[in-house]
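Structure first, then comments.
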Amino acid sequence: MTKSNHSMELQTTLKSRRLLFVGPKPPPIGGSPLTVQAMLEELALYPSVHVQLINTSPGLDVRKKMTGFNFEKVKRSLFVLPRFMLEIPYCDAVLVFANDLFAITLAPLLLFLSKIFHKPFYLKPVGAGLDLFINAQKKPLREYLLYVLRSTDGILTQTRLLKDDLNKMGCTRVHYLPGCRPLPAFTQASKQYSSELHLIF
(Lines give C-alpha, C1' and ligand atoms only; values in the text may rest on other atoms or scores of the structure.)
Protein backbone atom coordinates (compact mmCIF):
# COMPACT_ATOMS: atom_id res chain seq x y z
CA MET A 1 0.00 0.00 0.00
CA THR A 2 1.40 3.37 -1.00
CA LYS A 3 1.63 6.29 1.39
CA SER A 4 -0.98 8.26 -0.57
CA ASN A 5 -3.44 5.33 -0.52
CA HIS A 6 -2.94 4.93 3.22
CA SER A 7 -3.57 8.66 3.68
CA MET A 8 -6.79 8.47 1.64
CA GLU A 9 -8.03 5.48 3.66
CA LEU A 10 -7.24 7.30 6.88
CA GLN A 11 -9.19 10.37 5.74
CA THR A 12 -12.13 8.18 4.74
CA THR A 13 -12.10 6.53 8.15
CA LEU A 14 -11.90 9.86 9.95
CA LYS A 15 -14.81 11.25 7.95
CA SER A 16 -17.08 8.59 9.42
CA ARG A 17 -16.50 9.67 13.03
CA ARG A 18 -19.74 10.71 14.70
CA LEU A 19 -19.84 11.99 18.28
CA LEU A 20 -23.07 12.06 20.26
CA PHE A 21 -23.18 14.93 22.78
CA VAL A 22 -25.70 15.01 25.62
CA GLY A 23 -25.50 18.33 27.42
CA PRO A 24 -26.83 21.88 27.82
CA LYS A 25 -26.28 24.51 25.15
CA PRO A 26 -26.94 28.22 25.79
CA PRO A 27 -29.34 29.71 26.74
CA PRO A 28 -29.11 30.24 29.65
CA ILE A 29 -25.54 31.47 30.01
CA GLY A 30 -23.64 29.37 32.53
CA GLY A 31 -20.52 27.29 33.05
CA SER A 32 -21.76 24.03 31.53
CA PRO A 33 -23.64 25.54 28.56
CA LEU A 34 -20.61 27.68 27.69
CA THR A 35 -18.31 24.65 27.94
CA VAL A 36 -20.57 22.71 25.59
CA GLN A 37 -20.71 25.68 23.20
CA ALA A 38 -16.92 26.05 23.22
CA MET A 39 -16.41 22.35 22.53
CA LEU A 40 -18.93 22.43 19.68
CA GLU A 41 -17.18 25.45 18.15
CA GLU A 42 -13.81 23.74 18.45
CA LEU A 43 -15.01 20.46 16.94
CA ALA A 44 -16.64 22.37 14.07
CA LEU A 45 -13.08 23.11 12.89
CA TYR A 46 -12.57 19.39 12.17
CA PRO A 47 -14.55 18.21 9.11
CA SER A 48 -13.75 14.59 10.05
CA VAL A 49 -15.91 14.82 13.20
CA HIS A 50 -19.67 15.15 13.05
CA VAL A 51 -21.37 16.09 16.33
CA GLN A 52 -24.99 15.30 17.10
CA LEU A 53 -26.23 17.25 20.13
CA ILE A 54 -29.08 16.30 22.43
CA ASN A 55 -29.67 19.59 24.21
CA THR A 56 -30.56 19.22 27.92
CA SER A 57 -30.77 22.96 28.63
CA PRO A 58 -33.87 24.26 30.43
CA GLY A 59 -33.89 27.19 28.02
CA LEU A 60 -34.54 30.81 28.84
CA ASP A 61 -37.06 30.27 31.62
CA VAL A 62 -34.52 29.95 34.43
CA ARG A 63 -37.13 30.96 37.02
CA LYS A 64 -38.24 27.34 37.23
CA LYS A 65 -36.86 25.30 40.11
CA MET A 66 -33.83 23.49 38.67
CA THR A 67 -32.61 21.72 41.82
CA GLY A 68 -33.95 18.43 43.15
CA PHE A 69 -36.69 16.39 41.49
CA ASN A 70 -39.36 18.31 39.61
CA PHE A 71 -41.68 17.92 36.61
CA GLU A 72 -39.42 19.99 34.38
CA LYS A 73 -36.53 17.55 34.86
CA VAL A 74 -38.78 14.54 34.28
CA LYS A 75 -40.10 16.10 31.07
CA ARG A 76 -36.57 16.77 29.78
CA SER A 77 -35.55 13.20 30.68
CA LEU A 78 -38.47 11.84 28.67
CA PHE A 79 -37.22 13.96 25.77
CA VAL A 80 -33.60 12.80 26.08
CA LEU A 81 -34.15 9.03 26.22
CA PRO A 82 -36.03 8.57 22.90
CA ARG A 83 -33.58 10.88 21.12
CA PHE A 84 -30.64 8.98 22.59
CA MET A 85 -32.07 5.61 21.53
CA LEU A 86 -32.61 6.98 18.03
CA GLU A 87 -29.05 8.34 17.68
CA ILE A 88 -26.94 5.78 19.56
CA PRO A 89 -26.79 3.13 16.78
CA TYR A 90 -25.24 5.64 14.37
CA CYS A 91 -22.60 7.26 16.60
CA ASP A 92 -19.01 6.21 17.30
CA ALA A 93 -18.77 7.56 20.86
CA VAL A 94 -20.91 9.29 23.50
CA LEU A 95 -20.05 12.27 25.70
CA VAL A 96 -22.51 13.13 28.49
CA PHE A 97 -22.38 16.29 30.60
CA ALA A 98 -23.91 15.48 33.96
CA ASN A 99 -24.59 17.30 37.20
CA ASP A 100 -24.92 15.31 40.43
CA LEU A 101 -28.61 14.50 39.99
CA PHE A 102 -28.17 13.59 36.31
CA ALA A 103 -25.32 11.25 37.32
CA ILE A 104 -27.71 9.34 39.59
CA THR A 105 -30.80 9.22 37.39
CA LEU A 106 -30.32 9.44 33.63
CA ALA A 107 -26.57 8.84 33.11
CA PRO A 108 -26.74 5.16 34.19
CA LEU A 109 -29.54 4.51 31.67
CA LEU A 110 -27.55 6.19 28.89
CA LEU A 111 -24.49 4.18 29.89
CA PHE A 112 -26.52 0.94 29.80
CA LEU A 113 -27.80 1.72 26.30
CA SER A 114 -24.26 2.58 25.16
CA LYS A 115 -23.02 -0.78 26.45
CA ILE A 116 -25.80 -2.59 24.56
CA PHE A 117 -24.69 -0.94 21.32
CA HIS A 118 -20.95 -1.29 22.18
CA LYS A 119 -20.34 2.44 22.04
CA PRO A 120 -17.63 4.15 24.15
CA PHE A 121 -19.24 6.26 26.88
CA TYR A 122 -17.52 9.29 28.44
CA LEU A 123 -18.83 11.36 31.32
CA LYS A 124 -18.09 15.06 31.87
CA PRO A 125 -19.09 15.99 35.45
CA VAL A 126 -20.52 19.49 35.77
CA GLY A 127 -18.50 21.42 38.34
CA ALA A 128 -15.88 19.92 40.62
CA GLY A 129 -17.87 18.48 43.54
CA LEU A 130 -18.88 15.03 42.31
CA ASP A 131 -16.63 13.31 44.84
CA LEU A 132 -18.19 15.30 47.69
CA PHE A 133 -21.66 14.38 46.45
CA ILE A 134 -20.74 10.68 46.32
CA ASN A 135 -19.22 10.69 49.81
CA ALA A 136 -22.35 12.36 51.21
CA GLN A 137 -24.55 9.41 50.15
CA LYS A 138 -25.32 6.33 52.17
CA LYS A 139 -23.28 3.23 51.38
CA PRO A 140 -25.67 1.43 48.93
CA LEU A 141 -26.17 4.54 46.79
CA ARG A 142 -22.48 5.44 47.07
CA GLU A 143 -21.43 1.98 45.85
CA TYR A 144 -23.97 2.19 43.02
CA LEU A 145 -22.61 5.55 41.87
CA LEU A 146 -19.03 4.32 42.00
CA TYR A 147 -20.01 1.23 39.98
CA VAL A 148 -21.54 3.49 37.31
CA LEU A 149 -18.45 5.72 37.19
CA ARG A 150 -16.08 2.75 36.98
CA SER A 151 -18.14 1.32 34.12
CA THR A 152 -17.60 4.36 31.89
CA ASP A 153 -14.83 4.46 29.28
CA GLY A 154 -13.60 7.73 30.73
CA ILE A 155 -14.42 10.62 33.05
CA LEU A 156 -13.31 14.12 32.05
CA THR A 157 -12.80 16.28 35.12
CA GLN A 158 -12.54 20.05 35.33
CA THR A 159 -9.97 20.02 38.15
CA ARG A 160 -6.95 17.92 39.12
CA LEU A 161 -8.37 17.66 42.64
CA LEU A 162 -11.51 15.86 41.41
CA LYS A 163 -9.37 13.62 39.19
CA ASP A 164 -7.17 12.62 42.14
CA ASP A 165 -10.15 12.03 44.45
CA LEU A 166 -11.94 9.86 41.87
CA ASN A 167 -8.72 7.89 41.40
CA LYS A 168 -8.66 7.23 45.15
CA MET A 169 -12.23 5.91 44.86
CA GLY A 170 -11.11 3.32 42.32
CA CYS A 171 -12.04 5.20 39.14
CA THR A 172 -8.93 4.63 37.01
CA ARG A 173 -10.07 6.02 33.65
CA VAL A 174 -10.16 9.68 34.68
CA HIS A 175 -8.71 12.45 32.51
CA TYR A 176 -8.05 16.07 33.45
CA LEU A 177 -9.73 18.43 30.97
CA PRO A 178 -9.38 21.99 32.33
CA GLY A 179 -10.99 23.92 29.50
CA CYS A 180 -11.53 24.21 25.79
CA ARG A 181 -9.73 27.41 24.95
CA PRO A 182 -5.98 28.17 25.12
CA LEU A 183 -5.01 31.25 27.07
CA PRO A 184 -4.21 34.17 24.75
CA ALA A 185 -0.67 35.49 24.70
CA PHE A 186 -0.19 38.56 26.86
CA THR A 187 2.63 40.83 27.88
CA GLN A 188 3.45 42.05 31.35
CA ALA A 189 2.18 45.60 31.76
CA SER A 190 4.56 48.02 33.37
CA LYS A 191 3.42 49.15 36.81
CA GLN A 192 2.04 52.65 36.77
CA TYR A 193 1.17 54.10 40.13
CA SER A 194 -1.76 56.47 40.42
CA SER A 195 -3.68 58.08 43.22
CA GLU A 196 -6.93 56.94 41.58
CA LEU A 197 -8.50 53.64 42.51
CA HIS A 198 -9.75 51.56 39.56
CA LEU A 199 -12.20 48.69 40.14
CA ILE A 200 -13.73 46.09 37.86
CA PHE A 201 -16.86 44.36 39.11
Side-chain angles (χ1 to χ4, degrees), residues 1-59 73 75-99 101-127 130 147-158 162-163 166 171-182:
M1 182 184 295
T2 65
K3 186 176 180 180
S4 61
N5 287 341
H6 178 70
S7 177
M8 288 178 63
E9 283 189 10
L10 182 61
Q11 289 179 3
T12 302
T13 303
L14 289 174
K15 285 179 181 178
S16 66
R17 297 302 177 192
R18 185 182 176 95
L19 179 61
L20 179 58
F21 258 44
V22 180
K25 184 180 177 182
I29 299 298
S32 299
L34 289 178
T35 299
V36 170
Q37 182 67 38
M39 293 184 78
L40 292 175
E41 290 175 1
E42 183 69 24
L43 288 169
L45 302 176
Y46 299 88
S48 60
V49 180
H50 174 72
V51 178
Q52 182 65 42
L53 173 69
I54 299 178
N55 188 6
T56 60
S57 172
K73 285 185 180 292
K75 186 172 70 174
R76 275 188 286 144
S77 297
L78 293 176
F79 165 77
V80 169
L81 276 173
R83 283 283 313 278
F84 190 87
M85 294 176 68
L86 184 66
E87 298 290 347
I88 188 68
Y90 308 103
C91 75
D92 294 292
V94 178
L95 176 60
V96 173
F97 288 71
N99 59 20
L101 183 61
F102 198 100
I104 292 179
T105 55
L106 201 54
L109 293 174
L110 303 184
L111 173 62
F112 176 71
L113 290 170
S114 299
K115 293 293 184 184
I116 290 177
F117 287 94
H118 306 288
K119 306 295 183 179
F121 182 95
Y122 295 88
L123 188 71
K124 179 79 171 70
V126 173
L130 182 60
Y147 172 77
V148 170
L149 295 178
R150 292 167 186 157
S151 300
T152 66
D153 293 276
I155 303 171
L156 310 178
T157 67
Q158 188 174 323
L162 179 57
K163 176 182 182 296
L166 289 176
C171 302
T172 56
R173 293 186 289 269
V174 185
H175 310 279
Y176 170 52
L177 185 66
C180 308
R181 298 292 187 188

Stepwise side-chain contact (heavy atoms from CB on, under 4.5 Å) check, L162 with L130: CA-CA 7 Å; L162 179 57; L130 182 60; 4.2 Å; yes

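- Here the closest heavy-atom approach between residue G23 and residue F97 is recorded as CA-CB, 4.0 Å.
- Contact between P178 and Y176 at its shortest, heavy atoms only, is CB-OH, 3.2 Å.
- With rounding to the nearest 0.5 Å, the separation of CE in M39 from CG in L95 is 5.5 Å.
- Counting only heavy atoms from C-beta outward, the side chains of I155 and R173 never approach each other to under 4.5 Å.
- Applying the side-chain hydrogen bond (donor to acceptor under 3.5 Å, both in side chains) definition to pairs two or more places apart or across chains, those involving residues 83-92 are R18-E87.
- Shortest non-hydrogen contact noted between A107 and L123 is CB-CD1, 4.4 Å.
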Derivation and outcome, side-chain contact (heavy atoms from CB on, under 4.5 Å), residues R17 and S48: CA-CA 6 Å; R17 297 302 177 192; S48 60; 5.8 Å; no

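- Atoms NZ and OG1, on K25 and T35 in that order, are 14.0 Å from each other to the nearest 0.5 Å.
- The shortest side-chain heavy-atom distance between V94 and F84 falls under the 4.5 Å cut-off.
- Within the 4.5 Å cutoff, no side-chain heavy atoms of L106 are placed close to those of L101.
- Interatomic distance, Q158 CD to S32 OG, rounded to the nearest 0.5 Å: 7.5 Å.
- When all heavy atoms of P26 and P33 are compared, the closest pair comes out as CD-O, 3.2 Å.
- Each of N55, V96, V22 was scored for a side chain to side chain contact (heavy atoms under 4.5 Å, CB included) with V80, with one residue passing: V22.
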Check against side-chain contact (heavy atoms from CB on, under 4.5 Å), L20 and V51: CA-CA 6 Å; L20 179 58; V51 178; over 6 Å; no

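- The side-chain heavy atoms of L19 and F21, taken from C-beta on, include a pair separated by under 4.5 Å.
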Residues 109-122, side-chain donor-acceptor partners within the protein, below 3.5 Å, at least two apart:
unit_1	atom_1	unit_2	atom_2	d
S114	OG	L110	O	2.9
K115	NZ	S151	O	2.9
K119	NZ	P89	O	3.4
K119	NZ	C91	O	2.8

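- For the atom pair CD1 (I54) and CG (L81), the distance works out to 9.0 Å, reported to the nearest 0.5 Å.
- Using a 4.5 Å heavy-atom cutoff, the side chains of T157 and L177 are not in contact.
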